[in-house]
Amino acid sequence: MAATPMQAPGNPNFDGTPPQLPPPGTDMTGICFRDQLWLNTYPLDRNFVFDYFALSPFYDRTCSNEQLRMNSVHPLDLSHLSKMTGIEYMLYEVMEPNLFVIRKQKRDSPEKVIPMLTYYVLDGSIYQAPQLCNVFASRIGRAMYYIQKAFTTVASKVEKIGHESENDDANDDSAAPKETIDFRELKRVDHILASLQRKLPPAPPPPPFPEGYTPPQPAEAEPGTETQQGGDQQQQQPPPVDPIIDQGPAKRMKFD
């Protein structure tokens, strides 16, 4: 039997109450779930992994699997799930005993299902997989950042070479002749780099979120907080949610 979700020991923000977590179906990629007491008591295989997943905050108790559990039917029985409609979970991929992939989907008919979210159990820890659109947006944004940085670096180096050559010609007329630099060529290269930089298209917008998924909302800054000191701002911010939800003690002796 699992204990109530607790924060890690030594957290100064722990006040004796469970952390406030977003409801299932929202962006919960920043947290993970692990119940060491349950793992020490039951084997983690395809028959018990869903019971372990049902203890996590990722589990939606309004799903069809919960109705089957209440009727003493295995929650992953496809013969019963295919006859129901609504939110359900399915064991998508299994690599016992280390990896289990669970997919959340919406069933409209026995043949039509709409994938919504994916979760995976890795060595006893449960995570929510990130959305594919978020992965693409992050990769494209990172690539655009490095391309922009490369053009900026090249333009600054070309401009620096031009200024150094002008200062050398003005201050040292008797010095040995150096390699001449064609400033028209420098301007032409600078113009080409600037035109290429303007032609780079902006990052494409990410695809729409799947039905039933609520993206995270960015926190809006209150007016007048910029003039306050950093210490006051830290005191006004709410305590962050513990990223690791640890169930039970870290080690518990197992009795046969």
Side-chain angles (χ1 to χ4, degrees), residues 1-81 84 86-105 107 115-131 212-213 239-256:
M1 183 175 180
T4 306
M6 300 177 59
Q7 289 184 341
N11 192 341
N13 297 324
F14 179 60
D15 55 357
T17 59
Q20 299 295 329
L21 299 175
T26 57
D27 186 4
M28 302 175 69
T29 55
I31 65 174
C32 71
F33 175 87
R34 183 179 182 89
D35 189 342
Q36 191 62 42
L37 178 60
W38 193 99
L39 295 173
N40 293 339
T41 308
Y42 302 98
L44 191 61
D45 54 18
R46 64 178 67 235
N47 296 322
F48 289 95
V49 67
F50 191 82
D51 295 332
Y52 180 56
F53 178 77
L55 301 175
S56 69
F58 307 110
Y59 182 62
D60 189 353
R61 299 191 178 276
T62 61
C63 62
S64 302
N65 309 84
E66 185 66 19
Q67 300 180 20
L68 296 180
R69 295 181 68 192
M70 295 175 61
N71 296 329
S72 300
V73 181
H74 196 279
L76 298 177
D77 192 345
L78 188 59
S79 61
H80 290 78
L81 287 176
M84 307 174 69
I87 303 300
E88 67 180 24
Y89 294 91
M90 183 186 68
L91 192 59
Y92 188 68
E93 186 176 349
V94 177
M95 296 178 61
E96 293 181 341
N98 304 106
L99 178 63
F100 303 87
V101 180
I102 300 175
R103 186 171 69 181
K104 182 180 182 180
Q105 58 190 13
R107 182 177 294 275
M116 299 175 60
L117 294 172
T118 303
Y119 305 91
Y120 59 96
V121 185
L122 180 61
D123 293 333
S125 299
I126 306 177
Y127 306 87
Q128 176 181 329
Q131 290 286 309
Y213 178 77
V241 177
D242 189 12
I244 300 180
I245 304 176
D246 191 3
Q247 288 273 33
K251 294 182 179 180
R252 178 70 63 88
M253 296 181 61
K254 181 179 179 182
F255 298 93
D256 297 332

*Asks:* What closest approach, in Å, do Met84 and Gln67 show between heavy atoms, and which atom pair accounts for it?
*Replies:* CE-OE1, 3.1 Å

*Asks:* Could you give the distance from CG (Asp35) to OH (Tyr42), rounded to the nearest 0.5 Å?
*Replies:* 10.5 Å

*Asks:* Report yes if some heavy atom in the side chain of Glu66 is under 4.5 Å from a heavy atom in the side chain of Tyr59; otherwise report no.
*Replies:* yes

*Asks:* Starting at CZ of Phe50, measure out to CG of Leu55 and round the result to the nearest 0.5 Å.
*Replies:* 10.5 Å

*Asks:* Decide side chain to side chain contact (heavy atoms under 4.5 Å, CB included) for Ile126 and Phe58; before the verdict, give the C-alpha distance in whole Å, the side-chain angles of both, and the deciding distance to 0.1 Å.
*Replies:* CA-CA 9 Å; Ile126 306 177; Phe58 307 110; 3.7 Å; yes

*Asks:* Go through the steps for Tyr119 and Phe53 under the test ring-ring contact (aromatic ring centres under 6.0 Å, His included), then give the verdict.
*Replies:* CA-CA 9 Å; Tyr119 305 91; Phe53 178 77; 5.4 Å; yes

*Asks:* Ignoring hydrogens, what is the shortest heavy-atom contact between Gln128 and Thr29? Give both atom names and the distance.
*Replies:* O-CG2, 3.6 Å

*Asks:* Kindly give the heavy-atom pair with the smallest separation between Asn65 and Leu76, and that separation in Å.
*Replies:* ND2-CD2, 4.0 Å

*Asks:* Tell me, please, which residues at least two apart from Tyr127 pass ring pair (Phe, Tyr, Trp, His ring centres under 6.0 Å).
*Replies:* Tyr120

*Asks:* Which pair of heavy atoms, one from Arg34 and one from Ser125, lies closest together, and at what distance?
*Replies:* NH1-OG, 3.2 Å

*Asks:* List the steps and the verdict of side chain to side chain contact (heavy atoms under 4.5 Å, CB included) for Arg69 and Asp51.
*Replies:* CA-CA 9 Å; Arg69 295 181 68 192; Asp51 295 332; 3.8 Å; yes

*Asks:* Indicate the atoms forming the closest heavy-atom contact of Pro115 with Gln105, along with that distance.
*Replies:* CA-CB, 4.0 Å

*Asks:* Name the one of Asn98, Asp123, Val49 that satisfies side chain to side chain contact (heavy atoms under 4.5 Å, CB included) with Leu44?
*Replies:* Val49

*Asks:* To the nearest 0.5 Å, how far apart are CG in Leu91 and CG in Asn47?
*Replies:* 10.0 Å

*Asks:* Classify the ring geometry between Tyr52 and Phe33 as parallel (under 30°), tilted (30 to 60°) or perpendicular (over 60°).
*Replies:* tilted

*Asks:* Pair Met90, Leu81 - check side chain to side chain contact (heavy atoms under 4.5 Å, CB included), show working.
*Replies:* CA-CA 9 Å; Met90 183 186 68; Leu81 287 176; 5.9 Å; no

*Asks:* Residues in side chain to side chain donor-acceptor pair (under 3.5 Å) with Asn71, at least two apart?
*Replies:* none

*Asks:* Apply ring pair (Phe, Tyr, Trp, His ring centres under 6.0 Å) to Phe100 and list each qualifying residue two or more places apart in sequence or on a separate chain.
*Replies:* none

*Asks:* Is there side-chain contact between Ser64 and Arg107, with at least one heavy-atom pair below 4.5 Å?
*Replies:* no

*Asks:* Assess whether side chain to side chain contact (heavy atoms under 4.5 Å, CB included) is satisfied between Gln131 and Asp27, documenting all intermediate values.
*Replies:* CA-CA 9 Å; Gln131 290 286 309; Asp27 186 4; over 6 Å; no

